[in-house]
Every structure is written in C-alpha cells, then in structure tokens.
Engineer: 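Encoded as structure tokens, here's the structure I'll be asking about.
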Amino acid sequence: MRVLEVFGICVVALLALLFLVFFRRRLLMAGGGTIRLQIRISELVPGRGWSTAIGQFAGSTLRIHRMFSYAVRPKRTLDRSSTVVEGRRLPEGPERLTMPGHWVILRLSTTLDEIEIAMAESTVTGFLSWLEAAPPGQPGSVAPRPAIRPDPIEQ
C-alpha cells in the first residue's frame with residue numbers, strides 16, 4: 001500500500017509542476033505583444049545549444065523568457081537602443097533538425113555581448129520594424145537604425 005501512496009504523490013507533484021510551467025507560459029502570452037523564438041544559450045557544440053523561448057515586447061525592451069522554466073524573470077532583456085543586427089542566416093547542420101525550415105537566425109550585438117536568436121521569417125520583419133521604431137524625441141527615432149550588414153541569404 002505504501003508504494004502506491006508514494007507513486008500517487010509523485011504523479012500529483014509531477015502534474016503540479018507541469019501545470020505551473022504551462023500556466024506561466026499562458027500568463028506571459030496573455031498580455032499580448034509576444035513572439036515565439038529560440039535563443040542560443042551555449043556554443044560549445046556547433047549547431048546545438050538552442051532553447052525555445054517567448055519574446056515579450058515591453059516598451060523599448062524585448063524580454064526573453066525560456067519556455068520551459070519556472071523563472072519569473074526573463075533570461076535575457078534586449079534594449080532597442082543598444083541592439084544591432086550583425087548578421088542573418090538560415091539554419092544549417094543540426095540546427096535544421098531543431099527548428100522549422102522557414103526560420104531565420106539573427107546574430108545580434110548588444111553593448112554587453114553578441115547573441116543569436118531564431119524566429120520565423122514573418123516574425124523577423126516585425127522584429128526589425130520594432131528595432132527601427134522609436135517614439136518621437138527618443139534616441140533612435142531620427143537616425144536610421146538598426147545597422148544591418150549585407151544579407152547572405154539574398155546573395
């Protein structure tokens with residue numbers, strides 16, 4: 001009888017944890033202004049190290065929350081005024097197996113470091129528009145931004 005009780009408690013605890021992950025995801029997406037993306041969290045193995053995430057636009061920042069996490073705070077925060085698109089490429093090698101074929105990988109440069117994010121081609125257009133846009137009177141509203149290097153996909 002004890003084995004069944006322990007097993008039942010473990011199953012209930014597992015279901016509660018799964019519920020928390022999906023409830024958190026639902027809360028993040030309920031506010032609107034969210035996109036689905038992947039962020040590269042490790043470059044130790046070429047083509048690997050991608051994590052599914054939710055990008056949440058909040059004014060002049062993009063908050064990147066890992067999809068399967070219990071964390072309340074975002075994993076990364078990108079500030080529109082200090083983010084520049086350094087390059088754009090299609091998934092290659094093992095990356096083609098982990099993300100849909102119509103996704104594009106962007107290499108972003110911030111004041112702190114460089115990161116790679118991947119998103120659908122249609123989402124890239126909106127993301128680049130968000131980077132270029134700024135309310136009147138704020139930095140970046142007059143100067144043409146972001147600086148985008150030549151696109152190897154279109155060549």
Side-chain angles (χ1 to χ4, degrees), residues 16-155:
L17 291 174
L18 285 173
F19 174 77
L20 285 175
V21 167
F22 288 106
F23 182 71
R24 175 186 162 273
R25 177 182 169 196
R26 195 73 172 146
L27 281 178
L28 288 173
M29 297 183 86
T34 58
I35 57 173
R36 193 174 138 227
L37 56 93
Q38 289 191 18
I39 182 169
R40 190 167 201 165
I41 56 174
S42 171
E43 294 186 17
L44 294 176
V45 179
R48 304 279 173 119
W50 292 95
S51 177
T52 306
I54 297 171
Q56 182 182 43
F57 293 101
S60 65
T61 61
L62 174 65
R63 299 175 186 156
I64 300 175
H65 299 268
R66 290 178 66 178
M67 178 110 34
F68 300 105
S69 171
Y70 300 111
V72 178
R73 292 185 174 179
K75 173 77 174 163
R76 294 288 307 250
T77 301
L78 298 177
D79 185 26
R80 175 173 34 205
S81 63
S82 63
T83 303
V84 176
V85 177
E86 292 291 332
R88 175 182 177 157
R89 66 180 176 85
L90 294 174
E92 50 195 36
E95 294 170 336
R96 290 182 293 164
L97 301 174
T98 61
M99 57 187 71
H102 64 282
W103 279 39
V104 176
I105 298 172
L106 300 175
R107 176 166 285 282
L108 305 176
S109 175
T110 66
T111 54
L112 300 174
D113 61 352
E114 288 188 358
I115 63 168
E116 283 187 323
I117 61 173
M119 58 184 76
E121 283 184 68
S122 58
T123 307
V124 169
T125 305
F127 176 73
L128 293 176
S129 297
W130 173 79
L131 272 180
E132 292 173 353
Q138 297 225 350
S141 61
V142 178
R145 285 194 43 266
I148 302 176
R149 301 227 162 96
D151 192 352
I153 295 173
E154 295 176 3
Q155 294 178 354

Engineer: Would you find a donor on one side and an acceptor on the other, under 3.5 Å apart, between the side chain of Thr61 and the backbone of Arg63?
Structural biologist: no
Engineer: Mind checking the CD1-OG1 spacing from Ile115 to Thr83? Nearest 0.5 Å is all I need.
Structural biologist: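 Taking CD1 in Ile115 and OG1 in Thr83, the distance rounds to 7.5 Å.
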Engineer: Less than 4.5 Å apart, any side-chain heavy atom of Trp103 and any of Arg36?
Structural biologist: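 Sidechains of Arg36 and Trp103: in contact.
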Engineer: Give the minimum heavy-atom separation between Trp50 and Gln38, together with the two atoms involved.
Structural biologist: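 Heavy-atom minimum between the residues: CB-OE1, 3.4 Å.
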Engineer: Might you point out which heavy atoms bring Thr111 and Ser82 nearest each other, and give the distance in Å?
Structural biologist: CG2-CB, 3.5 Å
Engineer: Can you name the nearest heavy-atom pair linking Gly59 to Arg80, along with the distance?
Structural biologist: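 Looks like O-NH2, 3.6 Å.
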Engineer: What heavy-atom pair brings Trp130 and Leu78 nearest, and what distance separates the two atoms?
Structural biologist: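 Scanning both residues, the minimum pair turns out to be CH2-O, 4.1 Å.
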Engineer: For the pair Thr77 and Asp79, evaluate side chain to side chain contact (heavy atoms under 4.5 Å, CB included) and give the outcome as yes or no after the intermediate values.
Structural biologist: CA-CA 7 Å; Thr77 301; Asp79 185 26; over 6 Å; no
Engineer: Just to verify, which of Val104, Val124, Ile39 counts as forming a side chain to side chain contact (heavy atoms under 4.5 Å, CB included) with Ile117?
Structural biologist: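 The single option meeting the side chain to side chain contact (heavy atoms under 4.5 Å, CB included) with Ile117 is Ile39.
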Engineer: Work out which heavy atom in Arg66 is nearest to a heavy atom in Ser51; give both atom names and the distance.
Structural biologist: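 Shortest heavy-atom separation between Arg66 and Ser51 comes out as NE-OG, 3.2 Å.
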Engineer: Just jot down the side-chain contact (heavy atoms from CB on, under 4.5 Å) partners of Pro91, sequence neighbours excluded, or say none.
Structural biologist: Glu95, Arg96, Met99, Ile105
Engineer: Can you list everything that forms a side chain to side chain donor-acceptor pair (under 3.5 Å) with Thr125? Sequence neighbours excluded, please.
Structural biologist: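 Here no residue qualifies.
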Engineer: Not counting sequence neighbours, which residues clear salt bridge (charged side-chain N to carboxylate O under 4.0 Å, His left out) with Glu114? List them please.
Structural biologist: Arg107
Engineer: Between CG of Leu62 and CD1 of Ile54, what distance do you get to the nearest 0.5 Å?
Structural biologist: 11.5 Å
Engineer: Are any of the side-chain heavy atoms of Leu37 and Thr123 separated by less than 4.5 Å?
Structural biologist: no
Engineer: Excluding sequence neighbours, so at least two apart, what forms salt bridge (charged side-chain N to carboxylate O under 4.0 Å, His left out) with Arg76?
Structural biologist: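 Salt bridge (charged side-chain N to carboxylate O under 4.0 Å, His left out) list for Arg76, sorted by chain: Asp113.
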